[in-house]
Amino acid sequence: MTEEKLSSIKKLNFFKSLNDEQLKEIEDISNIVEYPKNSILYYENDTYNKIFFLVSGVIKIYKIDKFENEIFLYHIHKNSLISELTSLDNDSIYCYSNSEFMEDSVILEVNFTAFKERFLAKNILNNEFINEILLKTHQLHCVVNRELVFDATAKVAFMLSDDLEMFNSLKRQDVSFMLHIQPETLSRVLKKLKRSNIIEVENSNVTILDQKLLNHIYRGEQI
């Protein structure tokens, strides 16, 4: 298990600047946990005293509204920080959403208190930590745009640009559900993008032909 843990830590870009001694410290304050597809890492309102990194696999982040409907937020892919951090003053991390594994996955759990004492307090990994928090902020900005600003065409264009592999791996009905549009609307948008030679669709698999034009759609520019 020790070799497996160290190997998993080295797979994460977050820790790539550490020397062997520092990697050993991370190893001492962490655990590796495997999760099967469709299992839950945490629920909204849970609290933890550890931070989670996704070594391999895919996680869906979502919330539940007052009518018990699932509201998709974003996906987290391997080699990423999972935890949603808003403060370094508290040793407990509050979960603002739910997380479900989309496939069999491997998680690195790191004791948050020890991590702050051994690394952040010594100005080690601070830049990496800030970058991850900024990435989370960007993801939330994208969610706001998708839900409050984008029309159906922009929603589809953004997902194709931002998460093409996931788009192609899901059934069209599941994509429609995630984007909160009707399956018929998704079909029309894909046909429109295909006619404009922005994408190609073969055996339900989408290939991007013109990334620049695709980006223009969700950035508010017309084709």
Does any non-hydrogen side-chain atom of Leu125 lie less than 4.5 Å from one of Ser17?
yes
If you measure only the distance, is there a donor-acceptor pair under 3.5 Å linking the side chains of Ser97 and Tyr62?
no
Establish, for the pair Lys116 and Phe119, whether the NZ or CZ atom is under 6.0 angstrom from the six-membered ring centre and no further than 45 degrees off its axis.
no
Before accepting this row, confirm whether a basic side-chain N of the pair Glu109/Lys50 lies closer than 4.0 Å to the acidic partner's carboxylate O.
yes
Look up atom CD in Glu128 and atom CD1 in Ile133, then write down how far apart they are to the nearest 0.5 Å.
12.0 Å
So, applying ring-ring contact (aromatic ring centres under 6.0 Å, His included) with Phe158, which one of Tyr74, Phe167, Tyr218 is it?
Tyr218
Is any side-chain heavy atom of Ile217 closer than 4.5 Å to one of Ile198?
yes
Qualifying residues under side chain to side chain donor-acceptor pair (under 3.5 Å), relative to Arg172, sequence neighbours excluded
none
Quick one: are Gln182 and Ser176 in side-chain contact, heavy atoms under 4.5 Å?
no
Residue pairs meeting side-chain hydrogen bond (donor to acceptor under 3.5 Å, both in side chains), one or both in residues 32-46, sequence neighbours left out, come to Glu44-Lys63, Asn45-Tyr94
As an exercise, state the distance from CG of Asp162 to CZ of Arg146, rounded to the nearest 0.5 Å.
9.5 Å
Name of the residue among Phe14, Phe115, Phe129 meeting ring-ring contact (aromatic ring centres under 6.0 Å, His included) with Phe53
Phe14
Looking only at the side chains, is there a donor atom on one of Asn49 and Ser92 sitting less than 3.5 Å from an acceptor on the other?
no
Hey, can you tell me if His77 and His75 have their rings parallel, tilted or perpendicular (30° and 60° cut-offs)?
tilted
Under a 4.0 Å N-O cut-off, is there an ion pair linking Lys24 with Asp28?
yes
